[in-house]
Amino acid sequence: MEKQKKKSRHSKHPHNRQYKDRLWRMIFNNKEDLLQLYNAINHTDYQNPDDLEVNTLEDVLYLSMKNDVSFLVGGTMNLYEHQSTFNPNMPLRGVFYFSRLYEGYVADNNLMIYHEKSVRLPKPKYIVFYNGTKNQPDSMELKLSDCFENTDNEAPCLECTATMLNINYGHNQELMKHCRRLEEYSIFVQCVREYIQSEPSVEDALEKAIDTCIHQDVLADFLKKHRAEVTNMILTTYDKDLYEKTLKEDAREEGRKEGMEYLNQLNKYLLKSKRYNDLERATEDIEYQKKLLKEFGIESNDTK
């Protein structure tokens with residue numbers, strides 16, 4: 001009875017992706033863990049976490065490193081964001097974020113932007129950590145210019161590039177090897193996903209996932225200290241029905257993409273062979289379409 005009450009209360013919060021975003025920021029707001037992540041991404045070996053300056057800008061981590069002239073490390077302005085859903089509009093978000101950051105940097109350093117002398121600015125570096133359920137490569141670049149309507153050859157006057165890193169378990173293993181905390185986060189999320197599919201309630205799944213990870217020394221110190229907070233965070237943002245619906249929608253989307261690839265391949269073969277009648281019939285007769293797919297050795301899941 002008590003579990004039923006909890007479930008009804010939690011169902012008011014449909015955005016299950018939020019718990020991962022909040023959990024990731026909670027972990028990497030710790031300077032030691034964030035410095036380890038910074039070093040792993042940039043192939044550096046900074047040792048003093050107190051030299052790391054961290055600010056949160058609307059759920060985004062902005063970080064800089066102190067040095068002798070109070071400049072950003074390597075002349076770089078770093079922006080880290082976690083995403084539980086694939087979003088091709090991240091570069092546009094980056095433009096908004098960096099605009100505010102540079103405005104603050106100019107003001108803090110009393111830079112004279114209306115003088116003849118060119119000002120010196122830190123180079124922007126934008127990293128998006130992806131942890132969604134859709135299959136994505138280990139790394140990919142998202143560009144603001146991909147959003148522009150005008151597709152002529154003239155280079156746009158404005159560009160912003162976000163490097164998206166897939167941090168689902170099994171991806172970016174070299175990065176994980178150099179950042180144990182990121183690997184632990186990846187394992188924990190995977191563990192939660194697996195137990196949610198096998199356990200009768202989210203509460204039971206979390207108990208088992210947390211116990212398993214602590215026993216295997218995965219985020220053990222963090223989970224022991226913040227167990228109640230992590231549990232409450234997930235319970236108040238997780239909706240199992242929505243999660244399962246999302247998985248099914250993702251699978252259908254992948255199936256549609258795969259099907260289009262097979263059909264495009266078939267159409268090319270038919271056109272090349274000048275079998276125009278077969279091409280026309282295949283657009284209206286699904287069974288005949290399957291027959292042609294087999295004929296050309298193009299077998300999708302539906303034709304096997």
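Hydrogens, waters and symmetry mates are skipped; everything else that's a heavy atom, side chains included, is used. For clarity, every value in this text was computed on a predicted model and none was experimentally measured.
- The two residues N89 and C147 come nearest to each other via the heavy atoms OD1-SG, 4.2 Å.
- Between F86 and M140, the closest heavy-atom pair is CE1-SD, 4.0 Å.
- Inter-residue side-chain proximity for Y97 and Y62 is flagged as unmet; no heavy-atom pair is nearer than 4.5 Å.
- Residues Q36 and H178 come closest through the heavy atom pair CG-O, 3.9 Å.
- When the side chains of ILVMFWY residues are joined at heavy-atom separations under 4.5 Å, either directly or via intervening members, L223 and Y195 end up in two distinct hydrophobic clusters.
- L111 is listed as a side-chain neighbour of L121, based on a closest heavy-atom distance under 4.5 Å.
- Put simply, V106 and M112 are part of two different groups of oily side chains (I, L, V, M, F, W, Y) that touch within less than 4.5 Å, one to the next.
- Classified by interplanar angle (parallel below 30°, tilted 30° to 60°, perpendicular above 60°), the ring pair H82/Y185 is perpendicular.
- Contact detail for V128 and A162: the closest heavy-atom pair is CG2-CB, 4.1 Å.
- Counting only heavy atoms from C-beta outward, the side chains of I27 and R181 approach each other to under 4.5 Å.
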_side-chain contact (heavy atoms from CB on, under 4.5 Å) between I127 and L79, worked out_ = CA-CA 6 Å; I127 305 292; L79 197 62; over 6 Å; no
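- In this structure, the separation between NZ on K125 and OH on Y38 is 7.0 Å, given to the nearest 0.5 Å.
- Heavy-atom minimum distance, E32 versus P49: CG-CG, 3.8 Å.
- If you take CG on N78 and CG on L34, they are separated by 9.0 Å, rounding to the nearest 0.5 Å.
- Looking at E159 and S145, their side chains come closer than 4.5 Å, going by heavy atoms from C-beta outward.
- One finds the CG atom of L206 at 9.5 Å from the CZ atom of R227 (value rounded to the nearest 0.5 Å).
- Two residues are said to be in side-chain contact when any heavy atoms from C-beta on lie closer than 4.5 Å; E207 and E199 fail this criterion.
- Checking each of N168, N166, T85 against N131 for a side chain to side chain donor-acceptor pair (under 3.5 Å) leaves exactly one that passes, namely N168.
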*Report the C-alpha separation of Y126 and E81 in whole Å, then their side-chain angles, then the decisive distance to 0.1 Å, and conclude whether the side-chain contact (heavy atoms from CB on, under 4.5 Å) test is met.*
CA-CA 8 Å; Y126 188 20; E81 185 163 10; 2.9 Å; yes
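- One finds a salt bridge joining E184 and R180 here, because a Lys/Arg side-chain nitrogen approaches an Asp/Glu carboxylate oxygen to under 4.0 Å.
- A side-chain donor-acceptor contact under 3.5 Å links E194 and Q190.
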*So C213 and L219, side-chain contact (heavy atoms from CB on, under 4.5 Å) or not? Walk me through it.*
CA-CA 7 Å; C213 286; L219 288 181; 5.6 Å; no
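- The backbone N or O of I167 lies less than 3.5 Å from no partner atom in the side chain of N172, so there is not a single donor-acceptor pair.
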*Do M233 and H226 pass the side-chain contact (heavy atoms from CB on, under 4.5 Å) test, and can you show the C-alpha distance, the side-chain angles, and the key distance before you say yes or no?*
CA-CA 10 Å; M233 179 190 304; H226 301 287; over 6 Å; no
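- Grouping the Ile, Leu, Val, Met, Phe, Trp and Tyr side chains by contacts below 4.5 angstrom, directly or via other members, places F296 apart from I286.
- With rounding to the nearest 0.5 angstrom, the OH atom of Y130 is 12.5 Å from the CG atom of D138.
- The shortest heavy-atom contact between T163 and S139 is CG2-OG, 3.9 Å.
- Taking CD of E229 as the start and CG of L23 as the end, the distance is 9.5 Å to the nearest 0.5 Å.
- The distance from atom CG of N55 to atom CG of N29, rounded to the nearest 0.5 Å, is 10.0 Å.
- Contact check for V230 versus F188: side-chain heavy atoms found under the 4.5 Å cut-off.
- With a 4.5 Å cut-off on side-chain heavy atoms, Q216 and T212 count as touching.
- You'll find the side chain of M164 stays beyond 4.5 Å of the side chain of Q83, heavy atoms only.
- Using a cutoff of 4.0 Å between basic side-chain nitrogens and carboxylate oxygens, K31 and E53 are not scored as salt-bridged.
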